[in-house]
There are 2 protein chains.
Amino acid sequence: MVREALAALLGLEGDIDVVAQVARGDEVLDAARATPVDVALLDIEMPGLTGLEAAALLRRELPALKVVILTTFGRPGYLRRAMESGADAFLVKDAPAARLADALRRVLRGERVIDPTLAAAALADGANPLTDRERAVLTASADGSTNAELAARLHLSNGTVRNYLSTAIQKTGARNRAEAVRIARDKGWL
Amino acid sequence: MVREALAALLGLEGDIDVVAQVARGDEVLDAARATPVDVALLDIEMPGLTGLEAAALLRRELPALKVVILTTFGRPGYLRRAMESGADAFLVKDAPAARLADALRRVLRGERVIDPTLAAAALADGANPLTDRERAVLTASADGSTNAELAARLHLSNGTVRNYLSTAIQKTGARNRAEAVRIARDKGWL
DNA sequence: CGCCACCCATGACATCTGTCATCCCCGGTT
DNA sequence: AACCGGGGATGACAGATGTCATGGGTGGCG
């Protein structure tokens, strides 16, 4: 519904045509190939592929296509990964609607559009300090699983799970796994 | 941005006029009083007042005004509370856009519009089994606070916090507080 | 009045978590 | 060859968490 609404909004702009829409991240590339298109507008949270993964894919397969990421959550880590994925713009949904059409036009002129506040936050936070396994264990723990369940699910020993969670807790500056999950999620590290 | 986009979408319908928009729940009543309006379209997650609280307020102050709740999360508890707040319709955002205008028209004709799948889920789940205090403690624990912090924040003893969390864990069928939070949130009990 | 639900608390107990020291293996770097 | 970071593991320990029994206070309801 939101996607259709945004399409309606952009359709009101005289110089913008919405030529294709898909509901899933893994349908983006096919659609972009099937239709001549200048700019792809991607959400991050999507079924199939995330917008960040889809952006990287588009960058590789169709380098001329501009990519704009539009997301609900302005998390520094998201912005960082969006830039690494080769996105041309990064917008948050609580910005005024006028900014969206504006960003699309700027991107087409070759500019990059990034919220300065967010850019500062992303730079201040530094890179994701979590190793692959720490991130995997922390992510898996988010639903309230116990150490034993995590160990079984990830094919690790109980103690190893505890060790990874312990380092993740320290790196996030949290005082237990739940807080660590919250902080890491906030920063877009998961 | 989403609100403006939805307004654009509805504006395309010939028989619908978007006469007012506000960004916060606590501005809804004033706006509804200032402008002659037939239907209020409310999100649940809003700053100031939630859409559910705003709906109850509108029902009391302006009984003739129809109220439609539009939310991202189709949680049974949300639907239940929406109905208790006197809402005339309950929609989820991942429904097709056409359903929105359709629901507004139906509501104006005096119908109530509710997703049947969701209605079944809400009835199957039964009412919220958590007491006020259990809900408060569980909600407060969601950010990863320790028992000691919860006790200080809620002016309770450490042991009482543990007791409330324990009963909440059992009522949700969870095996620790984190899982209890997830389950209760899923059902819309928080 | 008795019953019950809810609120608040204590103490005891078993288990789970978080931390730390220490070890092994591997693949890069210097 | 020496070193380091990452992955994986063990054992020990303190503290946090979850459970249970038990008690007291309040207010509503039959």
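Since we're looking at a predicted model, the values are computed, not measured. Chain letters run A, B, ... following the sequence lines, proteins first and then strands; every chain starts at 1.
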Q: Please determine if B:Arg81 forms a cation-pi arrangement with B:Tyr78, meaning its NZ or CZ atom is less than 6.0 Å from the six-membered ring centre and no more than 45° off the ring axis.
A: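 Output no; distance or angle outside limits.
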Q: Could you state the interatomic distance from CG (A:Leu57) to CZ (A:Arg60), rounded to the nearest 0.5 Å?
A: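 Reported to 0.5 Å precision, the distance equals 5.5 Å.
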Q: Could you say whether B:His155 or B:Pro129 is positioned toward the 5' end of DNA chain C, judged by the nucleotide with the nearest heavy atom to each?
A: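 Taking each residue's closest nucleotide, the earlier one in sequence belongs to B:Pro129.
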Q: Quick one: label B:Thr160 by what it contacts on the DNA or RNA (base, sugar-phosphate, nothing), any heavy atom closer than 4.0 Å.
A: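 Base contact - B:Thr160 has a heavy atom under 4.0 Å of at least one base atom.
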Q: What is the distance, to the nearest angstrom, from the CG atom on B:Leu150 to the C1' atom on D:dT17?
A: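 In whole Å, D:dT17 C1' and B:Leu150 CG are 12 Å from each other.
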Q: To the nearest 0.5 Å, what is the distance between CZ on A:Arg133 and CZ on A:Arg135?
A: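 These two atoms lie 10.5 Å from each other.
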Q: Does any residue of residues 161-190 of chain B have a heavy atom under 4.0 Å from DNA chain C, and if so, which ones, in number order?
A: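 B:Arg162, B:Asn163, B:Tyr164, in order of number.
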Q: Can you tell me the distance, in whole Å, between the CG atom of A:Asn147 and the P atom of C:dG18?
A: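 Taking atom P of C:dG18 as the reference, CG of A:Asn147 is at 7 Å.
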Q: For residues 133-142 of chain B, which residues have at least one heavy atom under 4.0 Å from DNA chain C?
A: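 Contacting residues: B:Arg133.
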Q: With a sphere of 6.0 Å drawn around CZ of B:Arg182, does it hold more than 12 non-hydrogen atoms of other residues, nucleotides or ligands?
A: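 Check passes, neighbour count above 12.
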Q: Does the pair B:Glu13 and B:Arg105 meet the rule for a salt bridge (Lys or Arg N to Asp or Glu O under 4.0 Å), with working shown?
A: CA-CA 11 Å; B:Glu13 307 281 332; B:Arg105 292 195 193 93; 2.6 Å; yes
Q: Backbone N or O of B:Ala32 within a donor-acceptor pair of the B:Thr35 side chain at under 3.5 Å?
A: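 No: the side chain of B:Thr35 does not pair with the backbone of B:Ala32.
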Q: Does A:Leu52 belong to the same Ile/Leu/Val/Met/Phe/Trp/Tyr cluster as A:Leu58, with side-chain heavy atoms less than 4.5 Å apart forming each link?
A: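 Linked within one cluster.
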Q: What's the verdict on salt bridge (Lys or Arg N to Asp or Glu O under 4.0 Å) for A:Lys93 and A:Asp43, showing C-alpha distance, side-chain angles and the deciding distance?
A: CA-CA 10 Å; A:Lys93 282 184 186 166; A:Asp43 197 346; 2.9 Å; yes
Q: With no hydrogens and no angle check, is any side-chain donor or acceptor of B:Asn176 less than 3.5 Å from a backbone partner on A:Gly144?
A: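 Yes.
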Q: Is there any protein nitrogen or oxygen under 3.5 Å from a nitrogen or oxygen in nucleotides 24-28 of chain C, and what are the pairs?
A:
none

Q: How many angstroms lie between atom CZ of B:Arg106 and atom CZ of B:Arg112, to the nearest 0.5 angstrom?
A: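 The CZ atom of B:Arg112 is 14.5 Å from CZ of B:Arg106, to the nearest 0.5 Å.
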Q: Hey, is the main chain of B:Trp189 close enough, under 3.5 Å, to the side chain of B:Asn128 for a donor-acceptor pair?
A: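 Side chain of B:Asn128 to backbone of B:Trp189: a pair is present.
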Q: Whole Å only: how far is the CG atom of A:Asn158 from the C1' atom of C:dG18?
A: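 For the pair A:Asn158 CG and C:dG18 C1', the rounded distance is 12 Å.
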